[in-house]
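Down below is the structure, laid out as C-alpha cells.
Side-chain atoms are counted along with the backbone in the values below, which use heavy atoms only and exclude waters and symmetry mates. Numbers for residues simply follow the sequence, beginning at 1. Start at 1 and go down the list; that is how both ligands and their atoms are numbered.
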Amino acid sequence: MSSAQPAGTNSTRKYQLLIDGQWVDSQSGKTFTTPNPATGETLAEVAEGDKADIDNAVAAARRAFEGKWSRISARDRGRMLYKLSQLIEEHSTELAALETADNGKPIKESSYVDLPQVAENFEYFAGWATKIEGETIPVPGEMFNYTLREPVGVCGQIIPWNFPLLMAAWKLAPALAAGNTIVLKPAEQTPVTAMELGKLIQEAGFPEGVVNIVPGYGETAGAALAAHPGIDKVAFTGSTEVGKLIARAAADNLTKVSLELGGKAPNIVFADADIEQAVNGAMMGIFFNQGQVCCAGSRLFVQADVKDQFIDRLKEKSAKIVVGDPMDKATNMGPQVSQEQLNRVKSYADIARTEGATVVAGGECPTLTGAFQNGYFYQPTIFSDVKNQMRIAQEEIFGPVVSVISFENEDDLIKQANETIYGLSAGIWTSNITRAHRFAKAIKAGVIWINTYNMFNAASPFGGYKQSGYGREMGKHALEMYTNVKSVWVDLSGKPIGWFGK
Ligand code: NAI
Ligand code: MG
C-alpha cells in the first residue's frame, strides 16, 4: 500500500473504482466524501459508482468467470487466498488505523478483533478451496450417479459500515474459495478499507476482473447491482428494510439471495448466574462497536429477584467506560458512524422516555472538547422498566442503548424472548446446564451464546432465523451459498432404454 498515509491526518485520501483490474473514475465523474466520525473532518474522496459502473463491473466479472479464473486450479485459488491473509496481517496496523478513522470504532477493537478476524477468514477459506467436492450416490440399477459442486458464477455483494473490512472478508473469502467472481459494493459511510483491500487483492495475484469493487450509494449502485440480470447471486448484510428490497429486486431474475439482517437479541440473566460475569457480558453485548452490531444484546432480560442488584452493578461498571478519541488505546467507545445514525439513537432515547422507560445511565451525548466536539458520540445508555412490547424493545436501535426487561420464570422468559420479528442471536447467563441447553433449543435464533457473548470464528456458521435473514456465513455452510450442485447420471449397462425405445 504505497499510497498509505497516517490515518487521522488532514490530508484527504483519494480512491477510484476497481474494475477489471484497473483503478478508474466513475463514468459520471462524480465523487463523494467520507468523514472521520470522531471529528467530522473529511477522510477520503471516493469515486461514486452508479449503474453504468456496475454494468462494467458485472461484465468484467463475467469475462473473468468464463475465462482466466475458470482455468486456475483450486490449489492456486487457495494459495492466493492464503497470500491475501498474509498481506492483511502485514498491513494490519495501517488497516486498523484506517478502519477506526472511517468507522469510529476504538483502535483496540479494530486492531484486536476486526483485523485478526479478517485475516482468519481468508486463511480459513484458503484451506477450503481444495476441499470442495462432489459425491457419488448409490442409485439402483446399472447406473452411476455423481454430483459436481460448481461455483454459482458472478456474485453481487453489498456490505454495511459496522464492520467494513470484516464484512468484506465474510463475503469474499468463501465466494473466492468456491471459484466465483465478484462485484463488491462497500457502504457509502465506510468505503476506505475495502479500497485498500482491493490493492492487496491485486498484490495477492488474483486475475483482473475476479474481484471488482464499486463504492457508491445504496439507492443507486446497490440497487443496480441487486437488480442486475447478469449476476447469479446477491449477498447482502444490512437493514431488514433494505433486505426486503434486495429480495424483491432479485426476484425478477430469480437471482439467488442470502441476507444477513437486523436483530433484537435477548441477552438473559438468571438469578443463578455468576452476576459479575453476566454484567460484563451484558456490556460486551451492547456497547461493543458502539452498539452498532446486528447481534447486539439489546434486550437484557434479568430475573426479577436479582434485577436491582444487577442494574446497580451494570450502572457502576458502565460509568467507567471511556468514550472519546477512538485512536486512543484506552478508549472503549468511539463515535457512532454518522450523524444519521446518531440522530436515530437520539430519537429512540426520546421514544423510550415517552414510552415510560426509566433512564438508569446515559441517554445523552457526552460533552467532548477540541477536535471531538463535532464527532457523533453518544453515551452508554441503560433503560430499565422496559416492557417487551415497547418500540425500544422491538425495533433495532443500532446504538449503545440497552433495554432492561424483568422476567419471573423460564416459561415467561422464553415466550418474551421469542416475541420479536428477529432471530439472529441470543445469550443466556445461568449456572444451570440443563436450563442453558433447553433455552438453546427453544429460542428461534441462528446463534446462541451460553455464559458468553459475541463469540465468532471463521469455522463457525453465523446467520438468522425469521426476519434476520437466510443463509449462513462462515464455516462450511458458507460454501453452500456459493456453489451449485449438479447431478450427473451415467448409464453403465449399454442397453437401450426400454420405455419408449422398444
Ligand atoms: P442499509 O441497509 O441502508 O445499508 C447497508 C448497505 O446496503 C449499504 O452498502 C447501502 O449502500 C446498501 N443499500 C442501501 N439501500 C439499498 C438499496 N435500495 N439497494 C441496494 N443496496 C442498498 O443500512 P443503513 O441505512 O446504513 O442503516 C440503517 C439501519 O440498518 C441501522 O440503524 C441498523 O438498524 C441496520 N443495519 C444493520 C446492519 C447489520 O449488520 N445487520 C448493518 C448496517 C445497518
Ligand atoms: Mg439505508
Just which atoms of ligand 1 are under 4.0 Å from any heavy atom in A223?
19 (N), 20 (C)
Side chain or backbone, does T237 bring an N or O within less than 3.5 Å of an N or O on ligand 1?
no
From CG (L225) to CG (D53), nearest 0.5 Å:
12.0 Å
Please report the C-alpha distance between S258 and K233 in whole Å, then the side-chain angles of each, then the deciding distance to 0.1 Å, and finally whether the side-chain hydrogen bond (donor to acceptor under 3.5 Å, both in side chains) criterion is met.
CA-CA 8 Å; S258 57; K233 185 208 155 61; 2.8 Å; yes
Please evaluate residues Y376 and C365 with respect to the criterion side-chain contact (heavy atoms from CB on, under 4.5 Å), reporting the C-alpha separation (whole Å), side-chain torsions for both, the decisive distance (0.1 Å), and the verdict.
CA-CA 8 Å; Y376 316 130; C365 295; over 6 Å; no
Is it true that W170 and F163 have ring centroids separated by less than 6.0 Å?
no
side-chain hydrogen bond (donor to acceptor under 3.5 Å, both in side chains) between Q290 and N162, intermediate numbers included
CA-CA 9 Å; Q290 295 72 242; N162 52 345; over 6 Å; no
Tell me which part of Q341 gets within contact of ligand 1: side chain, backbone, both or neither, using heavy atoms under 4.0 Å.
side chain
Rounding to 0.5 Å, atoms CZ (R299) and CE (M390) come to a distance of 13.5 Å
Steps toward ring-ring contact (aromatic ring centres under 6.0 Å, His included) verdict (F32, Y217):
CA-CA 9 Å; F32 67 103; Y217 291 96; 5.3 Å; yes
Is it true that D55 and K51 have a side-chain N and a carboxylate O under 4.0 angstrom from each other?
yes
I'd like to check which ligand 1 atoms, numbered from 1 as shown, lie under 4.0 Å from a non-hydrogen atom of P160.
42 (C), 43 (C)
Report yes or no: does F163 have a heavy atom closer than 4.0 Å to ligand 1?
no
What I want to check is whether the side chains of T42 and T12 have a donor and an acceptor closer together than 3.5 Å.
no
What do you reckon, does F236 have a nitrogen or oxygen under 3.5 Å from a nitrogen or oxygen of ligand 1?
no
Is there a protein heavy atom at a distance of less than 4.0 Å from atom 25 (O) of ligand 1?
no
Using a 4.0 Å cut-off to any heavy atom of L245, which atoms of ligand 1 qualify?
18 (N)
Run the numbers for me: atoms of ligand 1, each under 4.0 Å from some heavy atom of G222, listed by number.
19 (N), 20 (C), 21 (N)
Are any non-hydrogen protein atoms located under 4.0 Å from atom 11 (O) of ligand 1?
yes
If the threshold is 4.0 Å, N to carboxylate O, is there a salt bridge linking R248 and E241?
no
Can you name the atoms of ligand 1, numbered from 1 with element, that are less than 4.0 Å from a heavy atom of C294?
39 (C), 40 (O), 41 (N)
For atom 41 (N) of ligand 1, state which one of L424, T220, L261, L184 supplies the nearest heavy atom.
L261
For ligand 1, which atoms, with element, lie under 4.0 Å from some heavy atom of Q189?
26 (O)
Go through it in stages, so that I can follow the logic: the residues are F206 and W69, the test is ring-ring contact (aromatic ring centres under 6.0 Å, His included), and I'd like the CA-CA distance, side-chain angles, deciding distance and then a yes or no.
CA-CA 8 Å; F206 289 93; W69 190 232; 5.8 Å; yes
Return the closest protein heavy atom for atom 3 (O) of ligand 1 as residue, atom name and distance.
V242 CG2, 3.5 Å
Does the K466 side chain pair with the main chain of N418, one donor and one acceptor, at a distance under 3.5 Å?
yes
Sort out for me which residue in E196, E45, K199 forms a side-chain hydrogen bond (donor to acceptor under 3.5 Å, both in side chains) with Y15.
E196
So for S239 against ligand 1, with non-hydrogen atoms under 4.0 Å, the contacting part is both
Residue-level breakdown please: for L225 versus ligand 1, do any non-hydrogen atoms fall below 4.0 Å on the side chain, on the backbone, on both, or on neither?
neither
Per-atom filter on ligand 1: closer than 4.0 angstrom to a heavy atom of A187 are 9 (O)
If you measure every N/O of K185 against every N/O of ligand 1, is any gap under 3.5 Å?
yes
In the protein, what heavy atom is nearest to atom 38 (C) of ligand 1, and what distance, to one decimal place, separates them?
F398 CZ, 3.3 Å
If hydrogens are left out, which of I159, V345, N162 has an atom nearest to atom 40 (O) of ligand 1, that is, the closest non-hydrogen atom?
N162
Among all protein heavy atoms, pick out the one at the shortest distance from atom 34 (O) of ligand 1; state its residue, atom name and that distance to 0.1 Å.
E396 OE1, 2.6 Å
Straight-line distance of N121 CG to L166 CG, nearest 0.5 Å:
6.0 Å
Contact partition for E241 relative to ligand 1, non-hydrogen atoms under 4.0 Å
neither
Counting heavy atoms only, which part of V293 comes closer than 4.0 Å to ligand 1: side chain, backbone, both or neither?
neither
Side chain, backbone, both or neither: which part of Q292 has a heavy atom under 4.0 Å from ligand 1?
neither
Option set G218, G263, G291, criterion heavy-atom distance to atom 14 (C) of ligand 1, minimum:
G218
Using the rule side-chain hydrogen bond (donor to acceptor under 3.5 Å, both in side chains), only one of E395, Q394, Q389 pairs with R391; which is it?
E395
